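The structure under discussion appears below in the form of structure tokens.
Naming convention: chains lettered A, B, ... in sequence-line order (proteins, then strands); numbering from 1 in each chain. Bear in mind the structure is a predicted one, so any value in this text is a computation, not a measurement.
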Amino acid sequence: MRRDSMRETVDQRIYPYEEVERKWREHWERIGLYTTRDDDRPEFYQLVMFAYPSGDVHMGHFRNYVIGDLVARSKMMQGYRVLHPFGWDAFGLPAENAAIERGIHPREWTLGNIETSRQTLRKIAISYDWEREVITCLPDYYRWTQWLFLTLWERDLAYRAEGMVNWCPQCQTVLANEQVSEGRCERCETPVLKRELTQWYFRITAYADRLLEDIDNLDGWPDSIRTMQRNWIGRSEGTGIDFPLESKERKLSVFTTRPDTIYGVTFLTLAPENPLVKELVRGTEREREVTEYVEKAVAKSEIERASIGAKDGVFTGCYALHPFSGERLPLWVADYVLATYGTGIVMGVPAHDQRDFEFARRYGLAIRVVIEPDSRTLRAEEMEEAYVDPGTMRNSDQFNGCPSGEGIEKVTEYAIAKGLGRRRVNYRLRDWLISRQRYWGAPIPMIHCPKCGIVPVPMSELPVELPVENVDFVPKGRSPLADIPSFIEVSCPTCGGPAKRDADTMDTFVCSSWYYLRYLDPKDEAEPFTKEHAAEWLPIDLYIGGAEHATGHLLYFRFIHKVLYDAGLVPTDEPTERLYNHGMVLDAEGYVMSKSRGNVTSPASVMDENGVDSSRLGMLFAAPPDREIEWTGRAGSGAARFLDRLWRLANDHMEQLRQFDPDSLPERIDPTALSGDERDLYRELNVMLKRVSDDVESLDLNTAIAAMMEFLNSLYRFKATSSRIFLLSLRRLVHALAPFAPHIAEELWHRMGNDETVFTSGWISYDEAATEQELITIAVQVNGKVRSRLEVARDAGEEEIRELALADARVKQHTKNKTVRNVVVVPRRLVNIVTS
RNA sequence: GCGAGAGUGGCGGAAUUGGCAGACGCGCUGGAUUUAGGAUCCAGUCCUACAUAAGGGUGGGGGUUCAAAUCCCCCCUCUCGCACCA
């Protein structure tokens, strides 16, 4: 039996949430409460991460959007004009997969899901300005995603290149580095393979330094995200050193952060993918063996290659010369060397690098100790692992005796002076691979002309529309668009000759990298957004979303914003002032809710069961917003009881509340003019209002709700219910509750005789001075243990407190026969009496 | 392995410029009211206890301090991120 119908038969004073919620939901939409205003008030851009429309919204969305709504509503009440938009990240693979499984077009599937989800969000009464909704898969949006691509192209930040890329055999498409996690496709968890392919990239590495340095200024971001981004960019300062080949006029360049170990080099290793490998062994007796090894290594998945103990390789038969000593160094190929980091060649220093050590031991290569700790002598043949810590340089010619820390600098300077090396900075960050061999994405607006080469589609001809009819989007490892002649065959914009469109579509992270700008001018047909509105609204004041986007979306988002800043289109070099990560919503057993696990709770059913306000309040109360939450279904029962209690108390005094005029009270109430009980209640009221105000600002929403609950408990205990302070208190409590539980608050607000909506009636204010008690209780400790308490005036002096404490009977008992050695008085807090 | 964060009642969690540990809520116990209770109201609820005494207590061990959940050192556990980055 449903809770509401059961209770209605029992207690007519129960809060009839269905009726009240429907009434106000419709009212707010009718009066356009959520419409973004254009006036002189200060603006506040409240953004939540938009959603991928897969069926209906889930509990994680619900939590995210309720937090955002609370901020939006409270800012609205505080007199800001608020921009609180929403939209849909509507391109992407699941639509295609669903389409393949069910025979629906991805477009229908996507738009249907958007409609379902939108209805749920309306029901929850999230205060979105729906007139600004954006849907990334519609031509009037992706037209500007293509504009963004061309803008990057014009600025030499988009390019096409051949290289080793991540390939997901399940999704049948390439992936950006950010979309590979532990060697697996982030989406389907299939182990990722490497393939040599020509693909489109955005040159995010050109912004690596700025993306890194500016992290220091992101004071409003969580430290964890800042650290993750720093690590992801992975800046590393080192030295590039050249090793001449023995047999050819050619040098091999390596990157090292430990040039102090240069005399410990006993071999060089190339990555299997390094094109030099083929060249070196061509025509030699080892060609066959090396080629076989390379083919095998390249075919392995990332996971296999990274598995410990698999540190194998093959000798090329070639040698390089040590740049300082001239010694012959064998050249090896090994799959522990990454082709995409540094130069793809590593100098092997087995004594001082664990990987090189393992490799050398396996293949019997020489190990030479060149750094020694002060405490002991290292013998190569006895070592069980590499010595990687600092020490003193040995066996290193003129550098002998130099501490390794200084050696790094000295060796580098020497190499530079001799023309053998240079300083180098390397990044872990790679350029962003943005092309995808799939149908449901924004077409890349480029044309391949046999005469003119790669030619951009003129901006004026955008959008390049995605064909909708007669598309076979079953993945075949190349873009489905390649098989649609009417799409592919075009004439070259430059020479007019026959040419072909690029058949790939863009990574959906391109679509989501700039959506916050389209909200500013969602219907503009001439520009993606206007500079005027960007100047007005940016940066975003608060951006709320999940931490899983730390090194993906949130990095792309900063990158694209900086590009547009350089293009003079946005006024700030960072997109958002403050970032907030809400915690995940788990099921009652602590598992992530997912379709495959079958443990998904739908917000719509929770709302039907408990009502919108108690569900919202329950979600916010159950845990701090940034911590994960286990949704037990019972989580909202305390919140529901609180709302019911408020409902009853207010309605029981509604006649008086309606007649009560808060203006009949003086602007500043003098507490000393109140009776004792009233004075206490008045103080508690102000304490509650202060806590709610502060906690809303810092997003400590669980404690804000606790403050309101506590205060309601006080109101229940309060007997003189005709007191104006009591009536004022109830009124203020309803006011403070409004952004948390908007429907019930609005209903009570109106029942109290207000005509205007509570959301345009200002924000709660409080009297700071009235939050203080005139008589306070301070604890008296003897040797750190509380033995008594004192009631003293708030401003009682140290001396006075000391004397009162020492005179206290219980204190005397505990200090009997002891010498008082010290008395620590902390005014307004406690006294600690220290005895021998 | 490296980096970041976290360990507090039966449970979710309060308390952080060091100053009364356990706010608020769930659950539980007892009582009131009720035809009924998964409603409402009242009381209790960290542990030990000789029960208004007195101890102990914030993952474990040590330290600083008049005073530590909070600061420092060592260890354990968990979560997240990265993972052969030279």
C1' atom, B:rU45 versus B:rA23: distance in rounded Å? 15 Å

Residues A:E178 and A:T551: side-chain donor-acceptor under 3.5 angstrom: no

Partner lookup for B:rG38, please. Criteria are Watson-Crick or G-U wobble with both distances under 3.5 angstrom; report none if nothing qualifies. none

Identity of whatever pairs with B:rA14 - Watson-Crick or G-U, under 3.5 angstrom: none

Salt bridge check: are A:D680 and A:R683 linked by an N-O gap of less than 4.0 Å? yes

Which part of the nucleic acid, if any, lies within contact of A:T269, taking any heavy atom under 4.0 Å across all strands shown: a base, the sugar-phosphate backbone alone, or nothing? nothing

Using atom CZ of A:F740 as one end and atom C1' of B:rG25 as the other, report the distance to the nearest whole Å. 15 Å

Base-pairing assignment for B:rG3 (Watson-Crick or G-U wobble, both under 3.5 Å): B:rC80

Could you measure between the two P atoms, the one in B:rA49 and the one in B:rG56, and give it in whole Å? 16 Å

Are OP1 or OP2 of B:rA86 and a side-chain N or O of A:R428 less than 4.0 angstrom apart? no

Should B:rG22 form a Watson-Crick or G-U wobble pair with both distances under 3.5 Å, which nucleotide is its partner? none

Donor on one side chain, acceptor on other, A:T239 and A:T256, under 3.5 Å: no

Quick one: is A:S637 getting a side-chain N or O under 4.0 Å of the B:rG38 phosphate, OP1 or OP2? no

What's A:N713 touching, base or sugar-phosphate or nothing? Going by heavy atoms closer than 4.0 Å. sugar-phosphate

With side chain to side chain donor-acceptor pair (under 3.5 Å) as the criterion, how do A:D209 and A:Y427 come out once you've worked through the C-alpha distance, each side chain's angles and the decisive distance to 0.1 Å? CA-CA 9 Å; A:D209 265 326; A:Y427 298 93; 2.7 Å; yes

Please check the phosphate of B:rC41 (OP1 and OP2 only) for any side-chain N or O of A:R648 closer than 4.0 Å. yes

Ranking B:rA4, B:rG19, B:rC24 by distance to the side chain of A:Q781, first place goes to B:rG19

Can you measure A:Y336 atom OH to B:rG1 atom P for me and round it to whole angstrom units? 21 Å

Any A:T703 side-chain nitrogen or oxygen under 4.0 Å from OP1 or OP2 of B:rA23: no

Contact nearer the 5' end of RNA chain B, comparing A:G344 with A:V826: A:V826

Any carboxylate oxygen within less than 4.0 angstrom of a Lys/Arg side-chain nitrogen, looking at A:K690 and A:D694? yes

If only side-chain N and O atoms of A:R641 are considered, is one of them under 4.0 Å from the OP1 or OP2 phosphate oxygen of B:rC26? yes

When you compare B:rC28 with B:rU35, how far apart are their C1' atoms, in angstrom units rounded to a whole number? 27 Å

Nearest-Å distance, CG (A:D626) to P (B:rC80)? 16 Å

Give me the distance, rounded to whole Å, that separates B:rG12 from B:rG27 when you measure between the C1' atoms they each carry. 11 Å

Could you check A:R789 against A:E791 for salt bridge (charged side-chain N to carboxylate O under 4.0 Å, His left out), going step by step and ending with a plain yes or no? CA-CA 7 Å; A:R789 286 166 209 288; A:E791 286 260 300; over 6 Å; no

Would you mind reading off the distance between A:M709 atom CE and B:rC24 atom C1', rounded to a whole angstrom? 7 Å

Which of these, A:L268, A:I241, A:V265, sits in a side chain to side chain contact (heavy atoms under 4.5 Å, CB included) with A:H322? A:V265

Between B:rU77 and B:rC71 - P atom distance, rounded Å: 22 Å

Considering only atom P, compute the distance from B:rU29 to B:rA39 and round it to an integer number of Å. 13 Å

When all nucleic acid strands are considered with a 4.0 Å heavy-atom cut-off, which category describes A:R645: base, sugar-phosphate, or nothing? sugar-phosphate

Scanning all shown strands, the Watson-Crick or wobble mate of B:rU65 with both distances under 3.5 Å is none

Name the closest nucleotide to the A:A622 side chain, picking from B:rG13, B:rG12, B:rC66. B:rG12

With a non-hydrogen cut-off below 4.0 angstrom, is A:R430 in contact with a base, only sugar-phosphate, or nothing? base

Of the listed B:rA4, B:rC66, B:rG19, the closest approach to the A:S224 side chain comes from B:rA4

Please report the distance, rounded to the nearest Å, between CG in A:N231 and C1' in B:rC2. 9 Å

Classify A:N783 by what it touches in the nucleic acid, base, sugar-phosphate, or nothing, heavy-atom distance under 4.0 Å. nothing

At under 4.0 Å between heavy atoms, what does A:H814 touch on the DNA or RNA strands: base, sugar-phosphate, or nothing? sugar-phosphate

Using atom C1' in both nucleotides, what's the gap between B:rU70 and B:rU17 to the nearest angstrom? 11 Å

Nucleotide B:rG1, atom P - distance to CD of A:E358 in whole Å: 14 Å

What's the OH-C1' distance between A:Y427 and B:rC82, to the nearest Å? 19 Å

Measuring only the C1' atom in each nucleotide, how far is B:rC46 from B:rC20? A whole number of Å is fine. 15 Å

Geometric class of the A:Y17/A:Y15 ring pair [parallel <30°, tilted 30-60°, perpendicular >60°]: tilted

Have a look at A:R627 and say if it touches a base, only the backbone sugar-phosphate, or nothing, with a 4.0 Å heavy-atom cut-off. sugar-phosphate

With heavy atoms under 4.0 Å as the rule, sort A:V254 into base, sugar-phosphate or nothing. nothing

Does B:rG18 sit syn or anti, given that only angles within 90° of 0 count as syn? anti

Show the nearest heavy-atom pair for residues A:W631 and A:S615, with the distance to one decimal. CH2-O, 4.3 Å

Could you identify the nucleotide paired to B:rG44, looking across every strand shown and requiring Watson-Crick or G-U wobble geometry with both distances under 3.5 Å? B:rC28

Report yes if at least one side-chain N or O of A:N702 is closer than 4.0 Å to OP1 or OP2 of B:rA14; otherwise report no. yes

In whole angstroms, how far is the P atom of B:rA23 from the CZ atom of A:F711? 20 Å

